[in-house]
2 protein chains.
Amino acid sequence: MYSLAEENYLKTIFHLEKECEGGVSTNAIAVKMDTKPSSVTDMVQKLAEKEVLLYKKYKGTQLTKTGKKIAANVIRKHRLWEVFLVEILNFPWDEVHEIAEQLEHVKSDELISRLDKYLDFPDFDPHGDPIPDKHGKIKPSEKKLLSDLEKNQRGICVGVKESNSEFLQYLDKRKIAIGSKIKVLGKEFFDGSMMIQVGRNQLFISKIIADNIYLKTN
Amino acid sequence: MYSLAEENYLKTIFHLEKECEGGVSTNAIAVKMDTKPSSVTDMVQKLAEKEVLLYKKYKGTQLTKTGKKIAANVIRKHRLWEVFLVEILNFPWDEVHEIAEQLEHVKSDELISRLDKYLDFPDFDPHGDPIPDKHGKIKPSEKKLLSDLEKNQRGICVGVKESNSEFLQYLDKRKIAIGSKIKVLGKEFFDGSMMIQVGRNQLFISKIIADNIYLKTN
DNA sequence: AATAAATATTAGTAGTATCTAAAATAATGT
DNA sequence: ACATTATTTTAGATACTACTAATATTTATT
């Protein structure tokens, strides 16, 4: 059984491994976890003894298979709870992270299995991130610009490229938020403008807008 | 903000206060929490400094108003989560306690408020225990054992006393669940056995069964 | 390559929560 | 009332996690 602190380290390292190839640095972990590098060294050495990660002094760390599985399971729980909070309890998408950070550490496989079923086995969380399956497998999913989608393709809004407040207000007014389900209804060849469906609403957007919205597609 | 350990102490003392009048003993707390009396003394002194309880050496402790409110809130969360686990995720009654012990420490008033609403503001948990309101007030429970009802009295099943799985399966088979409307059709003087009506079905139960079913009467 | 800067580790300290063993206090029996 | 027993507290130790300050290693710069 792993402690709350251990689970958080594993989860963070798991996320960092996707960006930093060939070993995650102590500093990177410290920055991400808002802690001191010395604390990270301590914990990483402890986790290395438990064989959930590989560690060579001054050389960074890599999760072992076991470590990855544990981390993916924490992330699975986090994302399933986020779905619950947004879909069932109607939380706004941007308020759920902190709560899910707590719920992800609740220990009960049966609970997660039932929650998964109750939510009808979702593949993505409200931020568009994929939910690992119970074995820790994550479906490959790619983040694309809305402007790269073709007619009839769908995606979930996962973020924006430019984030000045005018642009965010524009999105807000049109009910485009992180987690919004978007479908391309039509695309103009000449200027790249689009007719899209957001939830139940249809609207027309210019290429400039479509160039600044990231979607995850499946 | 109170730690997990602190919340557990407050909760335990809250429960013990109902039985032991005039100060809860160190030993009683230690037994209930499966810990050592010396650990209890340490914690109780710490909590006394935080003014959530009153403590006089060798004389036991009593919660202050603040302490009671914190404890009641933890219990509120515990019981609401139990309702969620049983009613929404269809857990058997006897498997939810351990999970609720973890969920009760998740910190978010908004979460509990939304959960409460989603569950349609339940008054009792699956064991028939009353759920404190957000101010820590507990409705005086009109909870009775089925065996205490007389002929022609009615009630709604709100919980069970013993919750081993055989008993729960027995209830399950006879369609006795939380919310079931039960009417006493007849009661034997000698052995306390009863003929009851559950919904549209009539059935005969022994006193042992009737002793383990809690009803809310009106 | 030598030095400066950045990064990482170690050593020693602190807070939380727990424990064991010993000492203090309260309760009980004769 | 006194001795015995039960309960409670204190003192000191341990595990966990994080910190600061000092040291070591790696990387970048000139």
(request) Figure out the CE/C1' separation between A/M43 and C/dA8, and round it to whole Å. (result) 17 Å
(request) Kindly point out which of D/dT26, C/dA8, C/dT18 is positioned nearest to the side chain of A/K59? (result) D/dT26
(request) Give the rounded distance in Å between these two atoms: NZ of B/K56 and P of C/dT25. (result) 15 Å
(message) Is any side-chain heavy atom of A/S180 closer than 4.5 Å to one of A/I156?
(response) no
(request) Ignoring backbone atoms, test whether B/Y55 places a side-chain nitrogen or oxygen under 4.0 Å from the OP1 or OP2 oxygen of D/dT8. (result) no
(message) Between B/N27 and B/S25, do the side chains contain a donor N or O and an acceptor N or O under 3.5 Å apart?
(response) no
(message) With a 4.0 Å limit, can you tell me whether A/N27 has a side-chain N or O closer than that to the phosphate oxygens OP1/OP2 of C/dA6?
(response) no
(request) Specify whether A/F84 and A/W81 have parallel, tilted or perpendicular ring planes, treating 30° as the upper limit for parallel and 60° as the lower limit for perpendicular. (result) perpendicular
(request) May I ask you to evaluate whether A/K36 reaches the phosphate of C/dA8, defined as a side-chain N or O under 4.0 Å from OP1 or OP2? (result) no
(request) Calculate the interatomic distance between A/M33 atom CE and D/dC19 atom P; express it in whole Å. (result) 10 Å
(message) Side-chain N or O of A/Y58 versus OP1/OP2 of D/dT27: is the shortest distance under 4.0 Å?
(response) no
(request) Send over the distance from A/Q45 CD to D/dA18 P, rounded to a whole Å. (result) 14 Å
(message) Judged by each residue's nearest nucleotide on DNA chain D, which is more toward the 5′ side, B/A28 or A/L4?
(response) B/A28
(message) If you only use heavy atoms from C-beta on, which nucleotide in D/dA18, C/dT10, C/dT18 is closest to the side chain of A/T35?
(response) D/dA18
(request) Report the distance from atom CG of B/N8 to atom C1' of C/dT16, rounded to the nearest whole Å. (result) 14 Å
(message) For A/F91, does the six-membered ring have the charged nitrogen or CZ of B/R114 within the cation-pi criterion, i.e. under 6.0 angstrom from the centroid and within 45° of the normal?
(response) yes
(message) Considering every strand and a 4.0 Å limit on heavy-atom distances, what is the contact class for B/S39: base, sugar-phosphate, or nothing?
(response) base
(message) If I take atom CD in residue A/E6 and atom P in nucleotide D/dA18, what distance separates them, rounded to the nearest angstrom?
(response) 10 Å
(message) Rounded to whole Å, please give me the gap between OH in A/Y2 and C1' in D/dC16.
(response) 16 Å
(message) Ring centroids only, cut at 6.0 angstrom: are A/H78 and A/H97 within range, meaning strictly under it?
(response) yes
(message) When you measure only distances, ignoring hydrogens and angles, does the side chain of A/S38 come within 3.5 Å of the base of D/dT20 through a donor and an acceptor?
(response) yes
(request) Rounded off to whole Å, could you give me the CG-to-P distance for the B/D42 and C/dG15 pair? (result) 15 Å
